[in-house]
Trainee: 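My questions will all concern the structure given below.
In the text below, chain A, chain B and the rest are named by the order of the sequence lines, each starting its count at 1. Since the model is a prediction, treat every value here as computed from it, not as a measurement.
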Amino acid sequence: MIKKILRWLTAFSILIGIAGFYSCCSFARGPFIQIKGSDTEVNLVQRLAEVYMEHHPEVYIAVTGGGSGTGIAALINKKTDIANLSREMTPEEIKRAIKNGVNPVKWVIAMDGISVIVNAKNPVNKLTLKQISQIFSGKIKNWREVGGENIPISLYGRQSNSGTFIYFRNHIVKADYSDRMKRMNGNAQIVESIKRDVAGIGYVGVGYVLEGEKLAKGIKVLKIAKDEHSPGVSPLNFENVEKGVYPIARPLYQYSNGCPKGKVLEFVRFELSKEGQKIVIEQGFYPVNVEYRKLNRQNLGF
Amino acid sequence: MANKERLIKYFFTFTGVLSTIFLLGIFFLLLYNSVPAFRKIGILEFFTSARWNPTSYTKPTYGILSLIVSTLMVTGGAMLISVPLGISCAAYLAEVATPMVREIVKPIIEVLAGIPSVVVGFLGIVLVGPAIAKIFNLPNGLNAINGSILLAIMSLPTIISISEDAITSVPEEYKMASLALGATRWQTLWKVVIPASSSGIIAAIMLGVGRAVGETMTVLMATGNAPAMPHSFLDSVRTMTATIAIELGEVPYNTTHYYALFVIGLVLFCITFAVNLTSDIVLHKHQEKLGT
């Protein structure tokens, strides 16, 4: 009896072994590109990868999010071919990468205007950078103080592994976020929460305020002014972001270990091509501007 | 044959010892990785400061008090809901329900235990959260109550099935004696059966607590994760488990922040260990009592 079972087990394990061997082979057949990181960039790069794979069925590209912090960790630990980062690596992170034998090379795939969004019912249309800083650091607690209704502000932000979290804090808030700010999982969750919350305010990549072609229902993108005397500027207008008039415009980066080569390089070429940049616009972001095209040429050679 | 017998015995001894080794290994790993954080920050700051902000713009702070309070609040709230519900349900199944009802309801409850936590968290975002916001007239429903309700649902199956076993195992003579003395069925259930199975029920509650304390995904999704010290159940909270889950993915290895996350893990381990140990002791007492 036992012998019989054993025989069956052996046969079974051989079968599994063969199956596993074959699936490994088929997996290894085509080049496999791994892309990890920013939640802001994940939909955009996913779309780019899909279109690219339609033209090049022999290549398989896997795009996952998790936040820029996750992308940086993966880049340093050599667990990804490309890291999507919505912020630059810090000198300390670069030092750690080099210590690990990784030489980070960066390029820019699109421009983003970080959009400050509120519920559509909120009467406030415009905020200054200073007001935004005071709201997110918890100094301004009620909408009344910035010309809204008399209701306490509820803050929505990202978690600390988000590049947007770090970028917005270091460049706009310039202080720690309020402890009362809710730490959401991603851009989409912030948009969904603001739709339901009349007192809510949050920040997301401009690609997330659109649903299809139109602005998502239930939210409003605030105009932002440098100071009290300047006019409010909206990130929904491409020129504002391109010319740098919108105060929270930022480049969306990709990093790789050394200059990209082979299939990875071909994909990067596609991202920066006319067709790739058209997808960038379709996804609600903006094409790379002159300044960063120069940086790309410097780092990639095209 | 005797040889084979011995071999099998060794095998089972080995598997038994193995899980003990795993437990000790995990404990020492946590302790070993926590020591650098204790050295750098000091135990006092961990447990007295309420501010957790290791990636601060100005100065990192490592107080885990608000995280502990958050975890205890969400768990406590969950127990307030699930204990009365769970025990009543168990009593119903064991004493009142007809065998057919029992055969249908019990498997359903067991299926409830198998729902992935991420699905429960999802319901928290789209269903429970908005409902809470409406009922309490709040701007949003991402708060401690939301987490409590979801964790209550998740710990109900544990509480129900173990309490039901405890109630069923009360000797028939107890009930007979009580009924013979003229007590009603309700009096018998409330005054005789439940007290007689109390240690089993307490063990069930403790296991439910263990489930709730360690749950990560659900609370991460449904409680908003604001690190401020919560003042009421309507505040957003950030539990210990959620903090580890959020931050471990991006933390640079071998930094103070990294070791500090291990301290949270160690505290969490101690809490669940204490809870499980208590339930084990209580359960043993229960079995001994019924054995005599």
Side-chain angles (χ1 to χ4, degrees), chain A residues 2 36-37 65-74 76-77 90 92-93 95-97 99-100 119 137-138 143 151-163 165-166 169-171 173-186 189 192-201, chain B residues 4 50-61 63 66-67 70 118 121-122 125-126 129-134 137-143 146 217 220-231 234-238 242-243 245-255 257-258 261:
Chain A
I2 286 178
K36 257 188 196 164
S68 299
T70 315
I72 291 171
I76 293 177
N77 298 326
T90 64
E92 204 181 305
E93 283 159 353
K95 219 187 285 164
R96 271 210 332 274
K99 219 170 104 192
N100 236 7
N119 189 281
S137 59
W143 279 111
I151 35 174
I153 298 174
S154 65
L155 298 170
Y156 293 87
R158 297 280 306 280
Q159 293 163 0
S160 58
N161 60 352
S162 148
F165 175 99
I166 305 280
R169 185 189 70 187
N170 294 358
H171 291 84
V173 183
K174 294 186 177 148
D176 272 323
Y177 287 115
S178 159
D179 277 350
R180 304 227 154 266
M181 181 178 86
K182 288 188 215 11
R183 267 69 166 173
M184 314 300 278
N185 282 322
Q189 209 191 356
E192 288 309 311
S193 305
I194 300 278
K195 279 183 190 170
R196 295 208 183 93
D197 189 343
V198 255
I201 182 168
Chain B
K4 201 162 153 197
R51 236 182 117 85
W52 173 262
N53 193 359
T55 50
S56 167
Y57 187 66
T58 46
K59 182 182 169 289
T61 47
S66 68
L67 308 180
S70 297
V118 70
F122 181 68
I125 292 177
V126 300
I132 291 172
K134 213 167 205 179
N137 197 18
L138 294 169
N140 64 78
L142 297 169
N143 50 27
N146 194 342
M217 204 57 217
L220 171 65
M221 290 167 81
T223 57
N225 303 314
M229 179 64 100
H231 295 294
L234 300 177
D235 281 342
S236 169
V237 295
R238 179 187 183 117
T243 306
I246 290 172
E247 290 170 18
L248 199 60
E250 46 111 13
V251 68
Y253 282 18
N254 307 326
T255 55
H257 183 188
Y258 176 78
L261 290 179

Trainee: Distance from B:Leu220 atom CG to A:Arg183 atom CZ, nearest 0.5 Å?
Mentor: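 B:Leu220 CG to A:Arg183 CZ: 13.0 Å, rounded to 0.5 Å.
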Trainee: Using every non-hydrogen atom in the two residues, find where B:Ala228 and A:Arg180 come nearest and quote the distance to one decimal.
Mentor: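 So the minimum-distance heavy-atom pair works out to CB-NH1, 3.9 Å.
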Trainee: How far does OG1 of B:Thr243 sit from CD of A:Gln159, to the nearest 0.5 angstrom?
Mentor: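 B:Thr243 atom OG1 to A:Gln159 atom CD measures 9.5 Å (nearest 0.5 Å).
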Trainee: I'd like to check A:Asn185 versus B:Met221 (side-chain heavy atoms, cut-off strictly below 4.5 Å). Are they in contact?
Mentor: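 Yes. Closest side-chain heavy atoms under 4.5 Å.
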Trainee: Answer with side chain, backbone, both or neither: which region of A:Ser160 has an atom nearer than 4.5 Å to a non-hydrogen atom of chain B?
Mentor: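 Contact with chain B involves both backbone and side-chain atoms of A:Ser160.
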Trainee: Give, for atom CZ of B:Arg238 and atom CG of A:Asp179, the distance between the pair rounded to the nearest 0.5 Å.
Mentor: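 So the gap between those two atoms works out to 9.5 Å.
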Trainee: What part of B:Pro130 is in contact with chain A, defined as an atom under 4.5 angstrom from a non-hydrogen atom: side chain, backbone, both or neither?
Mentor: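 For B:Pro130, side-chain heavy atoms alone lie under 4.5 Å from chain A.
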Trainee: Under a 3.5 Å cutoff, is there a donor and acceptor pairing between the side chains of B:Tyr253 and A:Asn77?
Mentor: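 There is no such pair (donor and acceptor under 3.5 Å, judged by atom type) between the side chains of B:Tyr253 and A:Asn77.
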Trainee: Atom CZ of A:Arg158 and atom CG of B:Asn225: how far apart are they, to the nearest 0.5 Å?
Mentor: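 Interatomic distance, A:Arg158 CZ to B:Asn225 CG, rounded to 0.5 Å: 12.5 Å.
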Trainee: Can you list everything that forms a side-chain contact (heavy atoms from CB on, under 4.5 Å) with A:Lys195? Sequence neighbours excluded, please.
Mentor: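 Partners of A:Lys195 by the side-chain contact (heavy atoms from CB on, under 4.5 Å) criterion, ordered by chain and then number, come out as A:Val191, A:Glu192, A:Glu211, A:Ala216, A:Ile219.
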Trainee: Is a donor on one side and an acceptor on the other found under 3.5 Å between the side chain of A:Asp176 and the backbone of B:Tyr57?
Mentor: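 It does hold such a pair.
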Trainee: Sequence neighbours left out, what passes salt bridge (charged side-chain N to carboxylate O under 4.0 Å, His left out) with A:Arg169? Give chain and number order.
Mentor: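 Here no residue qualifies.
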Trainee: I need the minimum non-hydrogen distance between B:Ile246 and A:Asn161, along with the two atoms involved.
Mentor: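 Distance-wise, the nearest heavy atoms are O-ND2, 3.8 Å.
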Trainee: Write down the atom of A:Met181, the atom of B:Pro227, and the distance for their closest heavy-atom approach.
Mentor: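 Heavy-atom minimum between the residues: O-CD, 4.1 Å.
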Trainee: So which heavy atom on A:Ser193 is nearest to which on B:Leu142, and how close?
Mentor: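 Smallest interatomic distance, heavy atoms only, reads OG-CD1, 4.3 Å.
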Trainee: Taking side chain as everything from C-beta outward and backbone as N, CA, C, O, which of these in A:Glu93 sits under 4.5 Å from a heavy atom of chain B? Side chain, backbone, both or neither.
Mentor: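 Contact with chain B: none, neither part.
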Trainee: Please report the interatomic distance OG1(B:Thr55) to CZ(A:Phe165), rounded to the nearest 0.5 Å.
Mentor: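 Spacing of OG1 (B:Thr55) from CZ (A:Phe165) equals 5.0 Å.
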Trainee: Taking side chain as everything from C-beta outward and backbone as N, CA, C, O, which of these in B:Ile125 sits under 4.5 Å from a heavy atom of chain A? Side chain, backbone, both or neither.
Mentor: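 Backbone plus side chain of B:Ile125, per the 4.5 Å heavy-atom cut-off to chain A.
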Trainee: For each of A:Arg196, A:Lys182, A:Gln189, tally heavy-atom pairs with chain B at distances under 4.5 Å, and name the one with the top tally.
Mentor: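 Max contact count across the listed options: A:Lys182.
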Trainee: Is B:Thr255 close to A:Arg96 at the side-chain level, that is, under 4.5 Å between some pair of heavy atoms?
Mentor: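 Side chain of A:Arg96 against side chain of B:Thr255, heavy atoms only: no contact under 4.5 Å found.
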Trainee: In terms of heavy-atom contacts, does OH of B:Tyr258 have more than 12 from other residues, nucleotides or ligands at under 6.0 Å?
Mentor: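 Enclosed.
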Trainee: For the interface with chain B, which of A:Ala175, A:Gly71, A:Gly157 has the highest count of heavy-atom pairs at distances below 4.5 Å?
Mentor: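 The candidate making the most pairs under 4.5 Å is A:Ala175.
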